[in-house]
Structures are given as C-alpha cells and as structure tokens.
Amino acid sequence: MTKHDDALTEPRDNFIIDAVAEDLAAGRYTRPVCTRFPPEPNGYMHLGHAKGATIAYGVAQRFGGLFNLRMDDTNPAAEDQVFVDAMIEDVAWLLGCDLEGRVFYASDYFDQLYQYALQLIDKDLAYVEELTLEQIREYRGNFFKPGRPSPWRDRPVADSRRLFEEMKAGQHAPGSLTLRAKIDPAHGNMNMRDPVLYRILDQTHHRAGPWRIYPMYDYAHPLSDAIEGVTHSTCGKEFADHRPLYDWCLANVDIVEPPRQIEYAEIGITGVVLAKRHLRKLVESGVVERWDDPRLPTVRGLRRRGVPAEAIVRFCEELGVSDGSPGSVDTARLEATLRDYLNAEVPRVMGILNPLKVTIENIPEGQVEQLDAPFMPDSDAHGSRSLPFSREIYIDRDDFMKDPPKKYYRLAPGREVRLRYAYVLACTEVIEDPETGEVLELRGTIDPDTKGKNPADGRKIKGTIHWIDAGAAVPAEVRLYTNLFTDALEAFDGSQAIQDYVDPSSLELVTGALVEPSLRDAKVGHRVQFERVGYFAVDPDSESAGHLVFNRTATLRDNKFKKIFKG
RNA sequence: UCGGGUAUCGUCUAAUGGUAGGACAGCGGAUUCUGAUUCCGCCAAUCAAGGUUCGAGUCCUUGUACCCGAACCA
C-alpha cells in the first residue's frame, strides 16, 4: 500500500497502539482494525492535518488494517469541491499511497444518518426544537449555570417525527427548527446538554445534492465511523469532551461493535501558523500569492519548496504521540529531519548564487578538460557527471574576500583554495572598478599537479569551493526562503492581524544565479544539494519562465562558519 | 465558580513498582576535496508536600500550575 520504504512500515509504539492492541486482545472487534483521517474540505491540508493523517495511517499499518480518507462534508456552507480534490491529492502524496478506493464522504451517508435519527426520535431520544438559536443558547446555560429544559423537550414522539420529516422535505425555514438529542439539559459536560443533531440549511450540497437538513459533527461523525467499519477513531484532545456524546450516539442506534474514539495531544510548531483562518488571510491579503507558496506550512507549499513527503511523515512520527498536554516543538526539529533525509537521498551539484568570474591564466584559451565528479561523494548512488573545466570559471562572491579575517580559508589575494573535484587555485590578481572598488574579476593560476591529490610539497589547502565553467554555466533564478514570520510571532495570540507578523525578507529573489550544465534539463520537483550552499528543488514556474527556477528547501548547517565573523 | 485533560532535561518524548533513556537545541573535540556529513564527549529533567512500599516518575492523599470546553462549525 505504501511507496515509502522506511517511513511508515514500523510506526513507534505509543499509547494509541497499546489501546488498539488491548481491544484486539479483548476481542472487541470481529472486523479488521480500521482508522480514518476525516478532514473537512474547507481548506488546504497543512502540517497539523499531516500529523493526524500520519497517526491514523500508522495505526492501520501497524495492525495490517484499513485506512479511510473521509471527507467530513456535513456543512455545505463552508465546503467546496476544489478542497475535496486538493485534499485527496495531498493525502495520497503525503502517505505515498493511492488510497485504493478508500476515499469516503460523510455526505454519502445522509440517508442512513437520517434513518438513524428517526430511530432516536422513535425511542424518544430526540425531539424537534422550536427555540431560536439565541433561545437555545440562553436555555443551555454556561460553565457555571446549568441549563434548563426546552419547552419542546417533551413533545410527543409522533409530533417530532412528523416535524422532522417536514424539515427534510423542505417545509420549514432555515433556522426555524432543529433536531435535538434528549440527554440532560443540565449535564456538567456542555456537549451533553441536549446537543443539536440536525439543522436546516438553505444550501444544496456540493456532492449529495438538494438536501435541506444537515447533520452536526457530533452526530454525523461517530455514525459515519460506524458505517464505514472504522474501529478506532483518532482525534485531538479538544474532542475529549465530545467522547461521551460520540458514545451516546453509537449506543442508541442500531450499531454493533461501536468504534472507539481515542484522543491524542495536538502539537504546535514554533514560528508556524496552522489556523485555517490565518492561512486564508495570508493568501487573501496577498502576502503570499497562493496556497502553495513555499513558505506556507500547507502540504502543497512544503511540496513545492521541495520537502519530500517522507520527511514530513518522519517528522510527524518522530514527534511521537502522547496524551500529555499539548506543547510546541521548535521548527529546528522539522529542519533537522528534513536535512537528515535530504542529506542521505539527494544528489550533489554545483550552483552559484552570486557569480564572480575567475580567469585562470595558466590554462590556454580554447582548452576544455572534462572532470568526472560523483553526484554523491563516496557513493555510487546517483552515478557521476562530467564537468567541463577551462580558462574561465565562476565562483561565488562569498568565497572571495579582499581582506579576510584570520580563519577565513577561502579565496583571497595571494591565497589558495581547492576547486571542488578540480585543481588548487591561487589568486594572483584582483580586478576592481576603479571608482566603486567593486571586485569585477579575479585572475589566478592552478597547480596542475593537484587533480585528485594534494600538493606534492605538502602544503595544506584548507578550503574547498564550488565553481562552474563559464562556457557551460546555465542561468537560473533562485528563491531563497526563510521563515515567513518574524520572531515577534511568539507574542501573537490570534487576535491581531497576522500580516503584521510577516517577515518582508522571507523571500529573497536571486536572478543572476548559475548552475552546472548537468541541470540544464532538470525536471520540476527535482531535488539537489548545491554543494556548500543548501538544498534546492526545481519550481513549477520553470516551465513558464523560460529558465530554471530553484526553491531553497533548506540551508546547510553552518555552525562553525558563524563564529569566524562573530568572534 | 462547572466539566474534561495533563504535569519528566530549554523543547518533544521513553521508562507499564526495580540503573530516569533517546531525539532536537546548545557547548567542546576528531575526521573531511562541501566550514556539510560522520564520529566522540559535555550540559541538562521526574510540579510541590505528605503517605504506601525493601524500593515510587509510576500507586494513594492534599495542594499548585497549565491546556481544552459555553456554533444551528468541524
């Protein structure tokens, strides 16, 4: 079922797995273990969803069971088919599976759900309410004040049944009537104070068609789980208070071996905003262009940035599942997992963000040497390519300094560096703009006896830099991303405008970059490491832009280098 | 003030009455034709107070702190 080799095969044991194992041992279910990921199709999938999907999928995998993707599409006012399609695509990509026909819709159960509601009415466990929204709220009380019974609570069963049928038939105005469970108006748990089961909506369902009554989450969810044969229904702890109602619904209609809801602690990520309304605000206000902006924590955004699905899944798994109180992990954790994956999997190439020309005076004009360079050092994993090398090359401006500090072991006047996979280069001359002092070009010589070996006289070359032959360099655009938000986000409590926390330099556009010739026909999505620079992926814009566009997926760690300049 | 939940290194997470462990972050060092990777080392925790027990992070009592909950949203 999965295409990911290592990531999902052996999820770590956790308290959910223990609970499922206990249920199995106790013989609670005669059907196979089945879990589900139940997004509402009213937005794009993000990291928070990814964790939920990973957990549910992992439990199913662990027990050789089934995994359902179910659209919790019970509120047509908020939902849309484009989100349904996007969600299916994202989940399939993330999990690396084709879902094998296991995509379901709560809206497909509307008829069955209606029948169950009739059962509740007939058992005098549900009644049709005539109170308005405001009245219901007032009657319900609050945390400190118990609710009191609705005057319609003891309406005869036959009346409720007739009214409910009329609601379905569209004979009552939206908001005029609801169906309520008859549980306990004064219950300590607010969810149990005669919760609304059905409301009338003047909406046609994007999938189910011309319905007029729509089930509420608390009613539709447990029954949808049961209808699908779900055994274990995982969700965030914010639903723990809903579990009694989940169980009540299942216990009072005609259902055997009811599914079991298990809540785990949702976890935040520092520096990341997941709330749908804030994400939407960022898109609508134009802070980011689209939902797949590589700075967004949406699955589409991460994917476009070059983050592999396996890395996301592994991140979710490494986080673990706990029933503790929810906290926040540092973004560094995501990056660590990402780098770990990329480091092991991605080919090395050379790319220059800010080119500086170097003329090598002891190479004759017109001479081109082909140098063999592996795509993965010390490994045959990706084979190798041939790099042209001639009199004119480019290096990165960051790799040259006129007046370098002591520990700077790259190029400087009179100093030597190793050109990666080539020769040792000495800088003999710096050509500057006489007015601005800007370095225009360097001249130097190579030591011809240093290909594949160190200088014979034993001198140590401490630095190695990347380069690209001037005649073969391919122009490219590079987009450098950092966190979308400034550190001020820490103080964000959800009430301010999220746009005010956006870091305007979170995207840096580099238009004059150069990449090595092996990348000329790189496909969209292709991931590489520009040696010494970072990890990059080819952006879809490459197809329309007429040149290669790379997104920086992650930087390389640079813990030692920082110190050279910061003392 | 009601209901539910949770307290373990800075962070996330193990330890199911028997050596408090791992990962991330941080800090040292070694190796390196990527200042990457890799390797080694260091730092660092059981919310508090009582109790049960040969033995408590785990069980009990009391207290404290934090999270969630008052849509005809999910």
Side-chain angles (χ1 to χ4, degrees), chain A residues 12-15 18 38-40 42 72-75 77-79 129 131-133 136-137 140-147 174-180 187-193 195-201 213-214 216-218 220-221 235-244 263 265-267 270 276 318-330 332-337 339-340 343-344 348 350 373 377-378 407-410 417-422 424 450 452-454 461-466 529-535 555-564:
Chain A
R12 283 167 41 169
D13 279 10
N14 55 54
F15 81 98
D18 291 347
E40 182 186 18
N42 69 347
D72 230 334
D73 55 352
T74 57
N75 183 10
E79 297 149 9
E129 173 67 273
L131 255 29
T132 64
L133 197 162
I136 288 177
R137 195 170 293 158
R140 182 154 37 215
N142 55 39
F143 295 155
F144 322 112
K145 203 175 92 189
S176 63
L177 257 34
T178 57
L179 182 71
R180 286 237 252 172
H187 202 284
N189 180 347
M190 297 287 295
N191 295 304
M192 299 294 271
R193 320 245 259 227
V196 171
L197 266 23
Y198 268 92
R199 79 283 213 189
I200 303 171
L201 253 32
I213 53 170
Y214 292 93
M216 300 290 290
Y217 166 86
D218 280 315
H221 202 86
C235 64
K237 296 201 86 159
E238 68 270 28
F239 289 102
D241 279 348
H242 296 246
R243 187 168 6 105
E263 312 89 15
E266 296 273 19
I267 195 154
T270 59
K276 224 171 279 181
E318 283 170 353
L319 242 34
V321 180
S322 87
D323 60 353
S325 51
S328 257
V329 278
D330 201 273
R333 192 73 181 267
L334 212 202
E335 284 167 31
T337 306
R339 286 200 189 99
D340 192 53
N343 174 55
R348 271 62 166 172
M350 296 205 264
D378 308 317
K407 290 264 180 73
Y408 185 85
Y409 43 91
R410 281 120 88 149
V417 282
R418 156 76 58 185
L419 293 175
R420 181 79 161 150
Y421 298 126
V424 170
T450 52
K453 59 184 177 184
N454 287 322
I461 309 296
K462 272 187 283 190
T464 297
I465 65 173
H466 55 281
Q529 181 197 104
F530 290 164
E531 290 206 51
R532 307 203 312 127
V533 179
Y535 296 98
T555 58
L556 258 23
R557 292 178 69 209
D558 64 342
N559 30 16
K560 285 181 193 154
F561 180 60
K562 281 182 215 153
K563 289 182 205 158
I564 298 168

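Within every chain, numbering begins at 1; the chains are lettered A, B, ... in the order of the sequence lines, protein sequences first and strands thereafter.
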Considering just the side-chain nitrogens and oxygens of A:R557, establish if one lies under 4.0 Å of OP1 or OP2 belonging to B:rU37.
yes
Taking B:rG51 as the reference, what is the distance to B:rC12 when you measure between their C1' atoms (whole Å, please)?
33 Å
Roughly how far apart, to the nearest Å, are B:rU6 and B:rA23 at atom P?
28 Å
Base, sugar-phosphate, or nothing for A:G452, non-hydrogen atoms under 4.0 angstrom?
base
Within the 4.0 Å heavy-atom criterion, would you say A:L131 contacts the bases, only the backbone, or no part of the nucleic acid?
base
Base-pairing mate for B:rA71 - Watson-Crick or G-U, with both contacts under 3.5 Å:
none
If only side-chain N and O atoms of A:S328 are considered, is one of them under 4.0 Å from the OP1 or OP2 phosphate oxygen of B:rC12?
no
Output yes if the stacking criterion (under 5.5 Å between centres, under 30° between planes) is met for A:F144 over the base of B:rU1, else no.
yes
Which part of the nucleic acid, if any, lies within contact of A:M192, taking any heavy atom under 4.0 Å across all strands shown: a base, the sugar-phosphate backbone alone, or nothing?
nothing
Residue pair A:T132 / A:R137, side-chain donor-acceptor N/O under 3.5 Å:
no
Pick the P atom in B:rA14 and in B:rC43, then give their distance to the nearest Å.
25 Å
Using purine N1 to pyrimidine N3 plus N6-O4 or O6-N4 for Watson-Crick, or N1-O2 and O6-N3 for G-U wobble, each under 3.5 Å, what pairs with B:rC39?
B:rG29
Paired nucleotide for B:rA23 [Watson-Crick or G-U wobble; both distances under 3.5 Å]
B:rU11
Checking only heavy atoms, does the side chain of A:R532 share a donor-acceptor pair with the base of B:rG35 at less than 3.5 Å?
no
Sugar-phosphate only, base, or nothing, as touched by A:A422 at under 4.0 Å among non-hydrogen atoms
base
Considering every strand and a 4.0 Å limit on heavy-atom distances, what is the contact class for A:R418: base, sugar-phosphate, or nothing?
base
Syn-anti status, with the boundary at 90° from 0, for the nucleotide B:rA20
anti
Applying the Watson-Crick and G-U wobble criteria at under 3.5 Å, what pairs with B:rU6? Answer none if nothing qualifies.
B:rA65
OP1 or OP2 of B:rC73 under 4.0 Å from side-chain N/O of A:R199:
yes
Heavy atoms under 4.0 Å, any strand shown: does A:Y198 hit a base, just sugar-phosphate, or nothing?
nothing
Check every strand shown and say whether A:Y421 touches a base, only sugar-phosphate, or nothing at a heavy-atom separation below 4.0 Å.
base
Indicate, yes or no, whether a donor-acceptor pair under 3.5 Å links the base of B:rG3 to the side chain of A:D241.
yes
On a whole-Å scale, what distance lies between the C1' atoms belonging to B:rC42 and B:rA7?
28 Å
Answer with base, sugar-phosphate or nothing: what part of the nucleic acid does A:P377 contact at a heavy-atom distance below 4.0 Å?
base
Would you measure the distance from the P atom in B:rA25 across to the matching atom in B:rA36 and give it in whole Å?
13 Å
Give me the distance, rounded to whole Å, that separates B:rA74 from B:rA48 when you measure between the P atoms they each carry.
43 Å
Please answer whether B:rG69 and A:F143 are stacked, defined here as ring centres separated by less than 5.5 Å and planes angled under 30°.
yes
Sugar-phosphate, base or nothing in reach of A:T74, heavy atoms under 4.0 Å
sugar-phosphate
Please give the nucleotide sitting opposite B:rU58 as a Watson-Crick or G-U wobble pair, both distances under 3.5 Å, or none.
none
In whole angstrom, give me the gap between the P atoms of B:rA49 and B:rU16.
24 Å
So which protein nitrogen or oxygen atoms get under 3.5 Å of nucleotides 5-9 of chain B's nitrogens or oxygens?
residue	atom	partner	partner atom	Å
B:rG5	O2'	A:K237	NZ	2.4
B:rU6	O2'	A:S325	N	2.9
B:rU6	O2'	A:S325	OG	3.4

Residues in side chain to side chain donor-acceptor pair (under 3.5 Å) contact with A:R348, at least two apart in sequence or another chain
A:N343
Counting the atoms with a prime plus P, OP1 and OP2 as sugar-phosphate, which does A:L177 contact under 4.0 Å by heavy atoms, base, sugar-phosphate, or nothing?
nothing
Does any donor-acceptor pair link the side chain of A:Q529 with the base of B:rU34 at a separation under 3.5 Å?
yes
Using a cut-off of strictly less than 4.0 Å, decide whether A:R137 has a side-chain nitrogen or oxygen near OP1 or OP2 of B:rA71.
yes
Write down the distance separating the C1' atoms in B:rG22 and B:rG17, rounded off to the nearest Å.
23 Å
